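Bear in mind the structure is a predicted one, so any value in this text is a computation, not a measurement. Ligands are counted one by one from 1 in listed order, and the atoms in each one are counted from 1 as well. Counting from 1, the numbers follow the sequence of the chain as shown.
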Amino acid sequence: MSADGRFAPSPSGPLHLGSLRTALVAWLMARSQGAGFVVRIEDLDPQRSRPEHEATQLADLEALGINWDAAPARQSQRLELYDEALGKLHAQGLLYPCFCTRAEIREAASAPHGTLAEGAYPGTCRHLDALTRRRRIEAGERFALRVNAGSTRIDWHDRLHGEQSGFVDDFVVVRADGVHAYQLAVVVDDAAQAIGEVVRGADLAESTPRQIHLQRLLELPPVTYAHVPLVLSADGSRLAKRDGAATLAERDESPQATLALLAHSIGLASGRDRVEAAAELLAEFDPARIPRGPLVLG
Ligand code: GLU
C-alpha cells in the first residue's frame, strides 16, 4: 500500500529554498508512489504564526505545482485531539511538571559528567516529590509538562540515511505558556491524517526518537521517515533572511527557474533552466539521486 505524505510548515515566514526543496521531495516521494499528499499548517505558536505567512506559503507551493488532496488542516483548530492524547499519557502516570528555565537546562546539560545530546533534558524535575510540585505550582511558578521517557533508546530506518539510533530524553508535551508542544501535535496529527511517510528537513531528525516513543505510548501506527538534507548559505550557516534570494519572492527569476534549481539539487532535470511544474519531475524522480549532505548555495 502506498504511504500518504505531507508537508507541515509553520507559518512564521515565507518558505525559504530549504523548505521548498523539502516540500518538493515530500511531494515527489508521495506522488511517485501514487500516494495522497496533504499540507498541514503548524500554527500552534501564537507569537510566531501569521495568516499572511500561511497564504504566502501555500501560494509558493502552488507556484511550483505542488498540490494537495484536501483543504490544509490547521493545528490551532485541533486542540481537542492533543488534549485527548495528553489524557492518555496522564492516565499512564507519565507526565510531570517541569519548572526549569532554558538557562537552567543548558547549565545542567553541560555539566562535566553530562553525556546528553545538545538540548536534551537532564531530568532535573523528574523526581520532585508531590508536595514540592504542589507548592511550586501553588506559588505560581511557571511549568511545562514533560513525558517521563525512561531513558529509552530508539532505532529507526531513514529512507535517505539508513539505520539511525537515538536517545529519548524527557521531552515537553505542553510548553510553559500552555501551548501544546510540536512533538505531541505532530505525532497525533500524522496518525489522525493517516500519514505513512514523514519527509521533512534534517534539522528535525533529532526529534524522531521522541516521536516514535510517543507513537508507541499512544498506540498509534508507525510511520516511515526520510530527512532531507538542509540548504545552507555559502558560509555553511543555516539559511536566513540576510542571505537575500532565499525565498521565491526574493529571487530575481521565475518560480519555474527556481524549480529547475531545486530539481538539479536532487539530481533531476539536468540541462534544463526551467521546469514548468513539479509533475514534470515525477517520471525521473529517484530518491537514490538525492545527495546525502547539505546543499551549500554558492
Ligand atoms: N512544522 C515543522 C517546521 O516547519 C515541521 C514539522 C515536521 O515536518 O514534522 O519546522
Side-chain atoms of residues 37-47: list all donor-acceptor pairs with protein atoms under 3.5 Å, sequence neighbours left out, distances to 0.1 Å.
from, atom 1, to, atom 2, distance (Å)
R40, NE, E42, OE2, 3.1
R40, NH1, D190, OD1, 2.9
R40, NH1, Q193, OE1, 2.8
R40, NH2, E42, OE2, 3.0
R40, NH2, D190, OD1, 3.1
E42, OE2, Q75, NE2, 3.1
D43, OD1, Q75, N, 3.1
D43, OD1, S76, N, 2.8
D43, OD1, S76, OG, 3.4
D43, OD2, S76, OG, 2.8
D45, OD1, Q47, N, 3.0
D45, OD1, R48, N, 3.4
D45, OD2, R175, NH1, 3.3

Mind checking what makes side-chain hydrogen bond (donor to acceptor under 3.5 Å, both in side chains) contact with R153, not counting sequence neighbours?
S165

N/O contact list for ligand 1, threshold under 3.5 Å:
from, atom 1, to, atom 2, distance (Å)
ligand 1, 1 (N), A8, O, 2.7
ligand 1, 1 (N), S10, OG, 2.9
ligand 1, 1 (N), E42, OE1, 2.6
ligand 1, 4 (O), S10, N, 3.3
ligand 1, 4 (O), S10, OG, 3.2
ligand 1, 8 (O), R6, NH1, 2.6
ligand 1, 9 (O), R6, NH2, 3.0
ligand 1, 9 (O), Y182, OH, 2.8
ligand 1, 9 (O), R200, NH1, 3.0

Within a strict 4.5 Å, meaning less than it, do heavy atoms of the L61 and W68 side chains meet?
yes

Quick one: do E104 and R102 make a salt bridge, cutoff under 4.0 Å?
no

So which pairs with a foot in residues 119-128 pass salt bridge (Lys or Arg N to Asp or Glu O under 4.0 Å), sequence neighbours left out?
R126-D170

On the ring face of F143, is R136 found with NZ or CZ under 6.0 Å from the centre and within 45° of the axis?
no

